[in-house]
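Take a look at the structure set out below.
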Number of protein chains: 2
Amino acid sequence: MDRAVTISQVAALAGVSTGTASKALNGRGALRPETRLRVQQAAEQLGFVANAAARSLQTGRTYTVGMITTDSIGRFSIPLLIGAEDALGAGQMSIFLCDARDDPIREQYYLRTLLSRKVDGIIVTGRRTQARAPIGVGLPVPVVYAFISSADPADCSVVPDEADGSRRAIRHLLAVGRRRIALVTGPEHHHSASVRARAAEDTLAAEGLRPAVPTLYGEWSEAWGRQAAGILLSTGADVDAVFCGSDQIARGLAEALTKAGREIPRDVALVGFDNWDVMVEGCQPPLTSIDMDLEGIGRTAAEQLLAAINGTPAHGQHARPCRLVPRASTAV
Amino acid sequence: MDRAVTISQVAALAGVSTGTASKALNGRGALRPETRLRVQQAAEQLGFVANAAARSLQTGRTYTVGMITTDSIGRFSIPLLIGAEDALGAGQMSIFLCDARDDPIREQYYLRTLLSRKVDGIIVTGRRTQARAPIGVGLPVPVVYAFISSADPADCSVVPDEADGSRRAIRHLLAVGRRRIALVTGPEHHHSASVRARAAEDTLAAEGLRPAVPTLYGEWSEAWGRQAAGILLSTGADVDAVFCGSDQIARGLAEALTKAGREIPRDVALVGFDNWDVMVEGCQPPLTSIDMDLEGIGRTAAEQLLAAINGTPAHGQHARPCRLVPRASTAV
DNA sequence: AACGCTTAGGAAATCGATTGCCTAAACGCT
DNA sequence: AGCGTTTAGGCAATCGATTTCCTAAGCGTT
């Protein structure tokens, strides 16, 4: 545990004033190249690292951003975080991660903390059931919502275009020759579930088709997928494909259908949603799925935040397209 | 975007000096209760939040810690992070999350950044095949390794006692009457795989038993689990239980065994490792598993870090016991 | 030689909060 | 009434780096 090195020590070693040392290290001012070099070597020798607090006190910038996950840090937050880090890391910014755990009190507490730390901006994220209330109004720093969206249209939100994902899934199933397509998804009150289902239905309708059976709403679990398989089988409906609201549902369905003697994809083709590695690869056969490109969303959100920090804020909701990743569960 | 409120504005509004305002807000000095209240109300009214940079410049403490994940932020990092946040949040500290992505250059870069931000301490985490080299020597702040351990025994590491987990798994299988137990796990060169396997073998040996077949090493995947099932069946060995090195392996095994007509747990009991919710619950039947209590490890690591920050550092490797979570796959 | 101009680098203010020291007022005591 | 003691709160230094302004030295020119 050494003692921290300050710029005055560097200046002293190089035989200059602290002001000159600062200029030398930051490439400012008019200095002889030789002096500059001398200071840099002194800094190197002492292992000098500038105190960020002192610097930000002077400059007003901290080069930090806060990331508040409103519900718990989960599977979805990781790629978002990685994407954001990518975009920010290049600009040398650090991220404060705050897990509000779906508690408004915690959320406001974290917001306060971030403001006291004078972050340059804030990214708000979380799994969405629907648009959320803005985290604050008249905040002294820009805020960008990622994955989740703000109810205030003046706020900047970056979200996946889930309807686009659904359309891709349905078009893909149609392209591989399926026509009797069923939809199995999560809770009806969940924004993602209803948006995805509706877009799928609309895409079918555009082809003059309807779901093979009325859309089945349930939960986001494998258990529900298995249960839904039973329901589908029991109706006797002649289904040749199922578009699922999540990979977990798809996987449960795959398991139960296989057990009941249906062969995937020959008898029934399957498409999931999320493209969650362990699920799509663990599924038998491997699962075709829709990828929301969460990393891209994280990256875009961070870029929007940087733009806002630099004075050119974007507004409104930015929907990013999804991507279909074909695998054996829909192979022709 | 309001302008930030400083303590001088609060002081002015309350009609006192900045020094007095500071004392009033921090409960220091000798002030009339009435004055204190007046300042507090002024602060409230203006929405004053102290500038953390200015404060830390003066006090030397930043109330922030850095968390560096050496390999990518993954499934294991989340509970660790949550645990750490728990322990630190209570003490009002914030966490800088840095993802080094298994790149030593990035790692050193992040270390530098954290030091410039004068974090009070650093938690290093990551999944590793074995103990890692210390992240730095003679650092000006305390460091605690979580989940992963440092090769330097003088460093403080908090890790799961994986051997303990294995013993619990084997004892549980013995307790439910199994004797012909097979072991299927990850790559032999992977520290966790070998430690878990060896502890399991030793526990069996202590009962005068040996694994039903030589330990099968492979990868940490469901695919390997399925493949291993095939191997077990083909040897014709009369196995009545399998202890797997991960939940994914166990799940693959469960699927393949069921398909081959074996009933779980009647014919073969299964124990996994990690207690990963989606795996243990998705498995049919639900999987008995070993929980390493990652949240507890994160919490303990943070507590150790706080202790070190407060001047009483711990040294050496602290192994924390695991927990067996019984489910249907080993039900009697 | 005297003047003006450029260049290199120093001195000091500044950012915002904390804190040690000091002083004026109020109080109690003889 | 006078003196010592307590109390309340102000003043100013401080943390470390940046930045503006300023000055001294060095140069060329006539």
Side-chain angles (χ1 to χ4, degrees), chain A residues 2-40 42-43 46-64 92 112-113 115-120 140, chain B residues 2-40 42-43 46-64 92 112-113 115-120 140:
Chain A
D2 308 343
R3 208 49 248 129
V5 180
T6 71
I7 201 169
S8 354
Q9 295 173 37
V10 174
L13 179 59
V16 298
S17 71
T18 63
T20 303
S22 170
K23 289 168 198 161
L25 296 173
N26 294 297
R28 265 183 254 284
L31 303 188
R32 255 182 307 167
E34 174 214 319
T35 309
R36 205 176 284 280
L37 187 65
R38 193 150 36 87
V39 174
Q40 284 163 348
L46 297 175
F48 170 74
V49 186
N51 182 323
R55 169 178 287 161
S56 77
L57 193 54
Q58 168 65 20
T59 64
R61 284 279 311 260
T62 57
Y63 295 91
T64 58
Q92 326 276 308
R112 229 184 124 77
T113 306
L115 293 181
S116 90
R117 297 195 187 283
K118 294 283 178 282
V119 292
D120 293 335
Chain B
D2 308 342
R3 209 49 248 127
V5 181
T6 70
I7 201 170
S8 355
Q9 296 172 36
V10 173
L13 179 59
V16 297
S17 71
T18 63
T20 304
S22 171
K23 288 167 195 162
L25 295 173
N26 295 296
R28 264 183 256 281
L31 304 189
R32 254 181 308 167
E34 176 214 317
T35 309
R36 207 176 283 278
L37 188 65
R38 193 149 37 85
V39 174
Q40 283 163 350
L46 297 175
F48 169 74
V49 187
N51 182 323
R55 170 177 287 159
S56 77
L57 193 54
Q58 168 64 22
T59 62
R61 284 280 310 261
T62 56
Y63 294 93
T64 58
Q92 326 278 306
R112 229 183 126 77
T113 307
L115 292 180
S116 90
R117 297 197 187 282
K118 294 282 178 281
V119 292
D120 293 336

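To find a chain, count down the sequence lines: A is the first, B the second, and so on, and within it residues start at 1. In what follows, every heavy atom counts, from backbone to side chain, and hydrogens, waters and symmetry copies are set aside. The model shown is predicted, which means the values in this text are computed figures rather than measured ones.
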Looking at side-chain heavy atoms only, is the closest gap between A:Val39 and A:Leu31 below 4.5 Å?
no

For B:Gln9 and B:Leu13: C-alpha separation, side-chain torsions, deciding distance, then whether side chain to side chain contact (heavy atoms under 4.5 Å, CB included) applies.
CA-CA 6 Å; B:Gln9 296 172 36; B:Leu13 179 59; over 6 Å; no

Expressed as a whole number of angstroms, how long is the span from B:Arg61:CZ to C:dA17:P?
19 Å

In whole angstroms, the gap separating P of C:dG16 from CD of B:Gln9 amounts to 9 Å

Give A:Ala50 one of three labels, base, sugar-phosphate or nothing, depending on what nucleic acid heavy atoms sit under 4.0 Å from its own.
sugar-phosphate

Among the nucleotides C:dT18, D:dT18, D:dG10, which one has an atom lying closest to any side-chain atom of B:Val16?
D:dG10

Has the side chain of B:Lys118 got a donor or acceptor that lies under 3.5 Å from a partner of the other kind on the base of D:dG16?
no

Which one, D:dC21, C:dG16, D:dA17, comes nearest to the side chain of A:Leu57?
C:dG16

Could you check A:Pro33 against A:Thr18 and say which one's nearest nucleotide on DNA chain C is further toward the 5' end?
A:Pro33

Whether A:Asn26 contacts D:dA17 is assessed here as follows: a side-chain N or O lying under 4.0 Å from the phosphate OP1 or OP2. Is that the case?
no

Rounded to the nearest Å, what distance is computed from the CG atom of residue B:Leu25 to the C1' atom of nucleotide D:dG9?
14 Å

Phosphate-side-chain proximity, A:Thr20 and C:dG10, N/O vs OP1/OP2 below 4.0 Å
yes

Should A:Arg112 and B:Val49 count as side-chain neighbours, where that means a heavy-atom distance under 4.5 Å?
yes

Could you give the CG-to-P distance, from A:Leu31 to C:dT6, as a whole number of Å?
19 Å

Can you tell me the distance, in whole Å, between the OH atom of A:Tyr63 and the C1' atom of D:dA17?
14 Å

For a 4.5 angstrom cut-off between non-hydrogen side-chain atoms, does A:Val16 reach A:Lys23?
no

Return the value, rounded to whole Å, for the distance between atom CZ of A:Arg36 and atom C1' of C:dG9.
11 Å

Side-chain donor/acceptor of A:Arg117 to backbone N/O of B:Ala52, under 3.5 Å
no

Nearest to the side chain of B:Gln58, heavy atoms from C-beta on, is which of D:dA8, D:dC15, D:dT18?
D:dC15

Would you mind telling me which of C:dG9, C:dG10, C:dA17 lies closest to the side-chain atoms of A:Arg32?
C:dG9

Between C:dC15 (C1') and A:Arg55 (CZ): distance, integer Å
14 Å

Of the nucleotides D:dA8, D:dG16, C:dA11, which one has an atom closest to the side chain of A:Thr6?
D:dG16

From the set D:dA8, D:dA17, D:dG10, return the single nucleotide nearest to any side-chain atom of A:Ile7.
D:dA17

Test side chain to side chain contact (heavy atoms under 4.5 Å, CB included) applied to A:Asn51 and B:Lys118, step by step
CA-CA 7 Å; A:Asn51 182 323; B:Lys118 294 282 178 281; 3.9 Å; yes

Distance test, side-chain N/O of A:Arg28 to OP1/OP2 of D:dT19, below 4.0 Å
yes

Taking OP1 and OP2 of C:dC15, is either one under 4.0 Å from a side-chain nitrogen or oxygen of B:Asn51?
no

Any side-chain N or O of A:Thr35 under 4.0 Å from OP1/OP2 of C:dG9?
yes

Residue A:Ser17, side-chain heavy atoms: nucleotide from D:dT19, C:dT18, C:dG10 that is nearest:
C:dG10

